[in-house]
Novice: 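Before anything else, here's the structure in question.
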Amino acid sequence: VTVRIGILGLGTVGTGTVQILQDPAGRHPLLAQMQVDRVGVKSIDRPRAVSFPDGVMTTDLESIVNDPQIDVIVEVMGGIEPARTLILQAIAKGKHIVTANKAVIARHGKEIFTAANQAGVYVLLEAAVGGGIPVIQPLKQSLGVNKINRVAGIINGTTNYILTEMTQAGGEFADILADAQALGYAEADPTADVDGLDAGDKIAILAALAFGGRIDRDAVSCEGIRKISAADIAYAEKLNFSIKLLGIAEQTAAGVSVRVHPTLVPKSHPLASVNGVNNAILVAGDPLGEVMLYGPGAGAGATAASVVADLVAIAATIGCQQPQLNPLLSCPHADYQTLVPLSSLKGRFYVRFVSRNVSGTIGQIGSCFGDRGVSIESIVQIGMQGDRAEIVVVTYETTEGDFRQALDTIANLSAIDSIPSILRVI
Ligand SMILES: NC(=O)c1ccc[n+]([C@@H]2O[C@H](COP(=O)([O-])OP(=O)(O)OC[C@H]3O[C@@H](n4cnc5c(N)ncnc54)[C@H](OP(=O)(O)O)[C@@H]3O)[C@@H](O)[C@H]2O)c1
């Protein structure tokens, strides 16, 4: 059986995908059955690293999704529109979808998967989270026999690169971001990455798979890394933590929580040593314990390998007698999960105070936390600039309410000048 493929987009991931498909030797034998029929792009005259017979490339993407010969559409153009409309059109024409587009899936998953289930086609998205790291299919299949209670991951390479550079080379966020942009590790418009929105899309997808219910993307709280300063990185290091941007989905006493925020991770934690553009996803479940999936979270080849893996999974179903969709590949859930707000979670906090040099300030801070029942793991005064000192506190687990009330009291102490940063600790 020949599996006929239409590809929307021939940029980084699209080109990598074609390179694998055009060089099948030594890879999975099903690659030999795949044929790229059509490729859609925006600028037909742009030089390309791969070539095709005449007539394969087009700027008419609708003609690809409507082509009756094509079995599978690979959507690697990115963005919400026209990707969403083209995916829905292809599904309506009975075509399977492979996509790397986390934004469209996290925001429009409901209509896309509902349409796919009705049409009897698959929408696979291994490349959308963690680039080359297999995590979507493992969550659907091998990890899915466990009761999963937490997924926590470094799922944005750009922010992990910036935080790693701030730690290892030193420097402020804005300077390191500019360097990352010059090196091609950050986009010209870095918003989706540095404000945690891309990680928010990805953790919403992982949470849906881990807990078996849809996630309202707008209910996922996202805080990025713009406010992380060199001072926080240095203090975290002194206290034996790394600062990482984590996407976290967990079952808590209060309910399911899905969120993205910068987090102090103890140096002994497996996520602390994931540096640079690498990604890692820690999955904790019962009776499994913890598994960490680690590897390249982006890049042409790695991401394309995930795209082609999905093509292989679909190719394996084509030509088989299958009255129903294979539940190991299709999306089985239909209901939304209720998420609990960050404010109702228990957690540990790191907070940095700038104080005037008044004796007894540390004692006063300690009493304010103590009065609210917030236990302190460490409290240190580091550095002195003129008449200003910086005091850093790391708490034990507490409720957000008690912590905020203690902070309100501390903010009113005459010795306290400002509270430049409050971070969560895993
Ligand atoms: N890059 C990565 O490492 C990576 C990793 C994981 C996931 N992803 C995801 O993969 C997807 C693709 O990313 P990418 O980095 O490969 O993007 P890219 O390099 O910017 O390529 C996008 C491609 O889509 C085409 N395109 C975009 N809008 C179009 C339109 N309206 N009509 C026709 N063609 C259009 C472009 O055509 P032209 O070439 O003519 O401009 C280009 O070939 C995104 O969803 C991204 O989030 C990327």
Side-chain angles (χ1 to χ4, degrees), residues 6-20 36 38-52 56-65 73-87 89-90 97-109 112 123-136 153-161 180 183-193 197-206 247 276-279 281 295-311:
I7 303 182
L8 310 179
L10 190 63
T12 304
V13 183
T15 303
T17 300
V18 171
Q19 282 168 334
I20 296 176
V36 177
R38 310 289 304 280
V39 177
V41 294
K42 202 187 280 179
S43 333
I44 200 98
D45 298 328
R46 173 174 296 187
R48 307 283 170 179
V50 287
S51 58
F52 305 95
V56 169
M57 285 185 65
T58 177
T59 55
D60 182 0
L61 276 59
E62 293 219 4
S63 74
I64 302 180
V65 298
I73 294 291
V74 174
E75 186 277 300
V76 281
M77 58 193 296
I80 302 292
E81 288 294 356
R84 171 187 153 276
T85 303
L86 291 165
I87 288 172
Q89 278 179 12
I97 307 291
V98 172
T99 180
N101 189 335
K102 51 262 169 178
V104 82
I105 293 295
R107 285 147 219 271
H108 300 284
I112 290 171
V123 177
L124 301 189
L125 53 134
E126 189 59 71
V129 183
I133 305 171
V135 61
I136 303 288
I154 294 171
I155 45 182
N156 181 275
T158 302
T159 45
N160 203 48
Y161 172 83
L183 288 165
Y185 292 141
E187 307 263 341
D189 176 1
T191 311
D193 292 320
L197 308 177
D198 172 79
D201 291 344
K202 292 167 174 169
I203 197 67
I205 292 170
L206 295 180
V277 293
N278 286 311
N279 281 197
I281 301 117
T303 309
S306 288
V307 168
V308 179
D310 282 345
L311 285 171

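Remember, it's 1-based here, ligands and their atoms both numbered in the order they're listed. Being a predicted model, the structure only gives us computed values, none of them experimental.
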Novice: Given Asn101 and Ile87, is the side-chain contact (heavy atoms from CB on, under 4.5 Å) satisfied, shown in steps?
Specialist: CA-CA 11 Å; Asn101 189 335; Ile87 288 172; 5.6 Å; no
Novice: Less than 3.5 Å between some nitrogen or oxygen of Val13 and one of ligand 1, yes or no?
Specialist: yes
Novice: Backbone N or O of Ile136 within a donor-acceptor pair of the Glu126 side chain at under 3.5 Å?
Specialist: yes
Novice: Can you check whether Ala127's main-chain N or O pairs, donor with acceptor, with Thr303's side chain at less than 3.5 Å?
Specialist: no
Novice: Judged by atom type as modelled, is there a donor-acceptor pair below 3.5 Å linking the side chain of Arg84 to the main-chain atoms of His108?
Specialist: no
Novice: In terms of atom number and element, which parts of ligand 1 are under 4.0 angstrom from non-hydrogen atoms of Ala127?
Specialist: 6 (C), 7 (C)
Novice: Test of understanding: given a 4.0 Å heavy-atom threshold, classify the contact between Thr303 and ligand 1 as side chain, backbone, both, or neither.
Specialist: side chain
Novice: Go through ligand 1 atom by atom and flag the ones less than 4.0 Å from a non-hydrogen atom of Leu10.
Specialist: 23 (C), 42 (C), 43 (O)
Novice: Going by the atom numbers of ligand 1, which of them fall below 4.0 Å from some non-hydrogen atom of Lys102?
Specialist: 6 (C), 7 (C), 8 (N), 9 (C), 46 (C), 47 (O)
Novice: Ignoring hydrogens, just give me the one of Pro47, Gly299, Ala300 whose non-hydrogen atom is nearest atom 3 (O) of ligand 1.
Specialist: Gly299
Novice: Would Arg48 count as a contact of ligand 1 if the rule is a heavy atom under 4.0 Å away?
Specialist: yes
Novice: Which heavy atom of the protein is the closest neighbour of atom 12 (C) of ligand 1, given with residue, atom name and distance?
Specialist: Val76 O, 3.3 Å
Novice: When you measure from the side chain of Thr99 to the backbone of Leu125, do you find a donor-acceptor pair of N or O atoms at a distance under 3.5 Å?
Specialist: no
Novice: Within the side chain of Asn160, is there an N or O that forms a donor-acceptor pair under 3.5 Å with the backbone of Ile155?
Specialist: no
Novice: Kindly identify the option in Gly9, Pro82, Gly132, Ala298 whose heavy atom sits closest to atom 23 (C) of ligand 1.
Specialist: Gly9
Novice: In the protein, which heavy atom is nearest to atom 40 (O) of ligand 1, and how far is it?
Specialist: Ser43 N, 2.6 Å
Novice: Would you say Gly297 and ligand 1 have an N/O pair spaced under 3.5 Å apart?
Specialist: no
Novice: Can Thr191 and Asp189 be counted as having a side-chain donor-acceptor contact under 3.5 angstrom?
Specialist: yes
Novice: Determine if the distance from atom 15 (O) of ligand 1 to the closest protein heavy atom is below 4.0 Å.
Specialist: yes
Novice: Could you tell me the residue and atom name of the protein heavy atom closest to atom 30 (C) of ligand 1, and the distance to it rounded to 0.1 Å?
Specialist: Met77 CE, 3.5 Å
Novice: Heavy atoms only: which of Arg46, Lys42, Glu75, Lys202 is nearest to atom 34 (N) of ligand 1?
Specialist: Lys42
Novice: Just heavy atoms, cut-off under 4.0 Å: does Leu8 contact ligand 1 by side chain, backbone, both, or neither?
Specialist: neither
Novice: Apply side-chain contact (heavy atoms from CB on, under 4.5 Å) to the pair Gln19 and Val50, showing each step before the final yes or no.
Specialist: CA-CA 7 Å; Gln19 282 168 334; Val50 287; 3.5 Å; yes
Novice: Check this for me - ligand 1, Gly11, N or O atoms closer than 3.5 angstrom, yes or no?
Specialist: yes
Novice: So, taking the atom named CZ in Arg46 and the one named CD1 in Ile44, what distance separates them when rounded to the nearest 0.5 Å?
Specialist: 11.5 Å
